[in-house]
Engineer: 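Here it is, the structure in full.
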Amino acid sequence: MSQVPIYALSDWGTTRFRLWLVDGAGNVLGEKRADDGLDVSRVKGFASVLEGHLASLSAPSDLPVVICGMAGSRQGWVEANYVPVPADLNAILVGAVKLPDMARDVRIIPGLCQLDDTPNVMRGEETQLLGAILDRNLSSGIIAMPGTHSKWVELEQGRAESFGTYMTGELYALVSQQSILRHSIQDAAESASADHPEFIAALKSMLAGNSLLGQLFGIRAAMLLNDLKPEAAAARLSGLLIGAEIAGQKSITNNRIVLVASGAMATLYGKAFDVAGLDFDLVDADEAVRKGLFVAASGIWPNVKGNFK
């Protein structure tokens, strides 16, 4: 494996910043993760944040950088416009925006948008989607990418045809930390277990067609009347929200699903798909976004050989 980096790849989200230095085969030579997401970087300065992390990895001064995510949003560093679906995902390379006034070559990948009567946008997930498609050599099917704003994409012959967004992760954070249910969940929000009976029961309730809004307050009632513990409350809330998300998508899940997720998210959604009776293949989310970024970099700078200062 070469020890010479030829690209820097960055996934710059709302709350988190990730950076990888890779060689010509896409092997990771250095990695940084930090809480320097969109809001923090707007205060610190995007260029300062990026160069600081590159310097900490001893990156060459002329190493090119490709970025996906919220750094390209309207509130970000420079807005990278959306590519409308249906779209061949390689079209995102054509729209990569070059950052002005930078000593090194820095590009931001555009997101995808849906312009019909169900308008929608994604930014960052399009790169993860590209990596997942390459990982599974997929041309058609359903790709589920859970997270703060979960995305479900319908792929036809290598083109993203349509997609939906579910604010599952954001709702979980808001409800568990800021609603009346915070008293039931307390400090157990991060410990929702896929094996907890409350998680599975809540999933089955949503998949059976019950109302999410009609079930939420039951968490507080169960704490007051049945001594529901915080871990159980967290599991029930997670099951209700994830179950409602999957129930909303079951009409288009005739095909095998590709689940793009890592860590606890992969465990929770994997269990949820099992309970729902849905077949799926798992692709690691970190690997998918890194692979997508590497493909983007290779398309933008096809002649880079790694001969940097």
Engineer: Give me the atom names and distance for the closest heavy-atom approach of S150 to Y269.
Structural biologist: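 Closest heavy-atom pair between S150 and Y269: OG-OH, 3.4 Å.
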
Engineer: Tell me, do Q114 and P119 make a side-chain contact under 4.5 Å, heavy atoms counted?
Structural biologist: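 Side-chain contact under 4.5 Å: no.
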
Engineer: Just wondering, do M206 and I246 contact through their side chains at under 4.5 Å, heavy atoms?
Structural biologist: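 When only atoms from C-beta onward are counted, M206 and I246 do not touch, as no gap falls below 4.5 Å.
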
Engineer: As an exercise, state the distance from CD1 of I219 to CD1 of I180, rounded to the nearest 0.5 Å.
Structural biologist: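 I219 CD1 to I180 CD1: 12.0 Å, rounded to 0.5 Å.
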
Engineer: Measuring from atom OG1 of T165 to atom CG of N120, what distance do you get when rounded to the nearest 0.5 angstrom?
Structural biologist: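 Between T165 OG1 and N120 CG, I get 3.5 Å after rounding to 0.5 Å.
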
Engineer: Any donor and acceptor pair, going by atom type alone, linking the side chain of R107 with main-chain N or O of K98 inside 3.5 Å?
Structural biologist: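 Here the side-chain-to-backbone pair does not exist.
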
Engineer: Hey, any chance L171 and W152 share a hydrophobic cluster, counting ILVMFWY side chains that come within less than 4.5 Å of each other, even indirectly?
Structural biologist: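 Not linked; separate clusters.
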
Engineer: Is any side-chain heavy atom of L19 closer than 4.5 Å to one of S10?
Structural biologist: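 A side-chain contact under 4.5 Å exists here.
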
Engineer: CD1 of I67 to CG of L99: how many Å apart, nearest 0.5 Å?
Structural biologist: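 Spacing of CD1 (I67) from CG (L99) equals 6.0 Å.
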
Engineer: Flag the pair K271 / F199 as yes when at least one side-chain heavy-atom distance between them is below 4.5 Å, and no otherwise.
Structural biologist: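 Sidechains of F199 and K271: in contact.
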
Engineer: In terms of ring plane angle, is the pair F280 and F273 parallel, tilted or perpendicular, where the classes change at 30° and 60°?
Structural biologist: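 Ring orientation, 0 to 90° scale: perpendicular.
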
Engineer: For the side chain of S262 and the backbone of A285, is there at least one donor-acceptor N/O pair under 3.5 Å apart?
Structural biologist: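 Yes: the side chain of S262 pairs with the backbone of A285.
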
Engineer: Taking the six-membered ring for Trp, is the centroid-to-centroid distance between W12 and F46 below 6.0 Å?
Structural biologist: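 When the ring centroids of W12 and F46 are compared, they turn out to be within the sub-6.0 Å range.
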
Engineer: May I ask you to test the V22-N27 pair for a side-chain heavy-atom distance under 4.5 Å?
Structural biologist: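 With C-beta onward as the side chain, the pair stays apart.
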
Engineer: Look at the side chain of S191 and the backbone N and O of A188, then say whether any donor-acceptor pair between them is shorter than 3.5 Å.
Structural biologist: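 Yes, because the side chain of S191 sits within donor-acceptor range (under 3.5 Å) of the backbone of A188.
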
Engineer: Between R104 (side chain) and P60 (backbone), is there a donor-acceptor pair under 3.5 Å?
Structural biologist: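 Flag set: sc R104 to bb P60 pair under 3.5 Å.
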
Engineer: Ignoring hydrogens and geometry, is there a side-chain-to-backbone donor-acceptor pair from S56 to H53 under 3.5 Å?
Structural biologist: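 Confirmed, S56 side chain pairs with H53 backbone.
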
Engineer: Quick check: closest heavy atoms across I185 and P230, and the distance to 0.1 Å?
Structural biologist: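 I185 and P230 have their closest heavy atoms at O-CB, 3.3 Å.
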
Engineer: To the nearest 0.5 Å, tell me how far Y166 OH sits from K151 NZ.
Structural biologist: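 Taking OH in Y166 and NZ in K151, the distance rounds to 11.5 Å.
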
Engineer: First locate atom CZ of R18, then atom CZ of R33, and finally report the distance between them rounded to the nearest 0.5 Å.
Structural biologist: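 So the gap between those two atoms works out to 5.5 Å.
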
Engineer: Over all heavy atoms of both residues, which pair between L282 and R136 is shortest? Give the atoms and the distance, please.
Structural biologist: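 Closest pair (atom of L282, atom of R136, distance): O-NH2, 2.6 Å.
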
Engineer: Does any donor atom in the side chain of D36 or S41 lie under 3.5 Å from an acceptor atom in the other side chain?
Structural biologist: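 There is no such pair between these side chains.
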
Engineer: Could you pull out the closest heavy-atom pair between I300 and A96, with the gap in Å?
Structural biologist: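 Closest approach of I300 to A96, heavy atoms only: CD1-CB, 3.9 Å.
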
Engineer: Is there a side-chain contact between V65 and L50, using heavy atoms and a 4.5 Å cut-off?
Structural biologist: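 In contact.
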
Engineer: Can any side-chain N or O of E125 pair as donor or acceptor with the backbone N or O of R123 at less than 3.5 Å?
Structural biologist: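 Checked: pair present.
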
Engineer: Please determine whether side chain to side chain donor-acceptor pair (under 3.5 Å) holds for the pair T168 and E245, giving the CA-CA distance in whole Å, both sets of side-chain angles, and the decisive distance to 0.1 Å.
Structural biologist: CA-CA 7 Å; T168 309; E245 177 184 331; 2.5 Å; yes

Engineer: With a 3.5 Å cut-off and no angle check, do the side chains of E231 and H196 form a donor-acceptor pair?
Structural biologist: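 No, because no side-chain N or O of E231 sits under 3.5 Å from a partner of the opposite role on H196.
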
Engineer: On a heavy-atom basis, which atom in A189 and which in A234 lie closest, and how many Å separate them?
Structural biologist: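 Reported closest heavy-atom pair: CA-CB, 4.4 Å.
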
Engineer: For S73, is there any backbone N or O sitting under 3.5 Å from a side-chain donor or acceptor partner on Q75?
Structural biologist: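 Flag not set: sc Q75 to bb S73 has no pair under 3.5 Å.
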
Engineer: Judged by atom type as modelled, is there a donor-acceptor pair below 3.5 Å linking the side chain of R236 to the main-chain atoms of A233?
Structural biologist: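 Side chain of R236 to backbone of A233, a donor-acceptor pair under 3.5 Å: no, none is there.
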
Engineer: On a heavy-atom basis, which atom in S238 and which in L268 lie closest, and how many Å separate them?
Structural biologist: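 For S238 versus L268, the nearest heavy atoms are OG-CD1, 4.0 Å.
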
Engineer: Who pairs with D227 by salt bridge (charged side-chain N to carboxylate O under 4.0 Å, His left out), at least two apart in sequence or on another chain?
Structural biologist: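 D227 satisfies salt bridge (charged side-chain N to carboxylate O under 4.0 Å, His left out) with K229 only.
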
Engineer: Regarding D116 and T118, is there a side-chain donor-to-acceptor distance under 3.5 Å anywhere?
Structural biologist: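 Looking only at side-chain atoms, T118 and D116 do form a donor-acceptor pair, the distance falling under 3.5 Å.
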
Engineer: Can a donor-acceptor pair be found between the side chains of Y172 and Q177 at a distance below 3.5 Å?
Structural biologist: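 No, no side-chain donor-acceptor pair sits under 3.5 Å.
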
Engineer: How long is the straight-line distance from CH2 of W77 back to CE of M70, given to the nearest 0.5 Å?
Structural biologist: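 Spacing of CE (M70) from CH2 (W77) equals 15.5 Å.
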
Engineer: Keeping S140 on the side-chain end and Q157 on the backbone end, is there a donor-acceptor pair under 3.5 Å?
Structural biologist: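 Present.
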
Engineer: Could you tell me whether the side chain of R16 and the main chain of A34 form a donor-acceptor pair under 3.5 Å?
Structural biologist: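 Yes, because the side chain of R16 sits within donor-acceptor range (under 3.5 Å) of the backbone of A34.
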
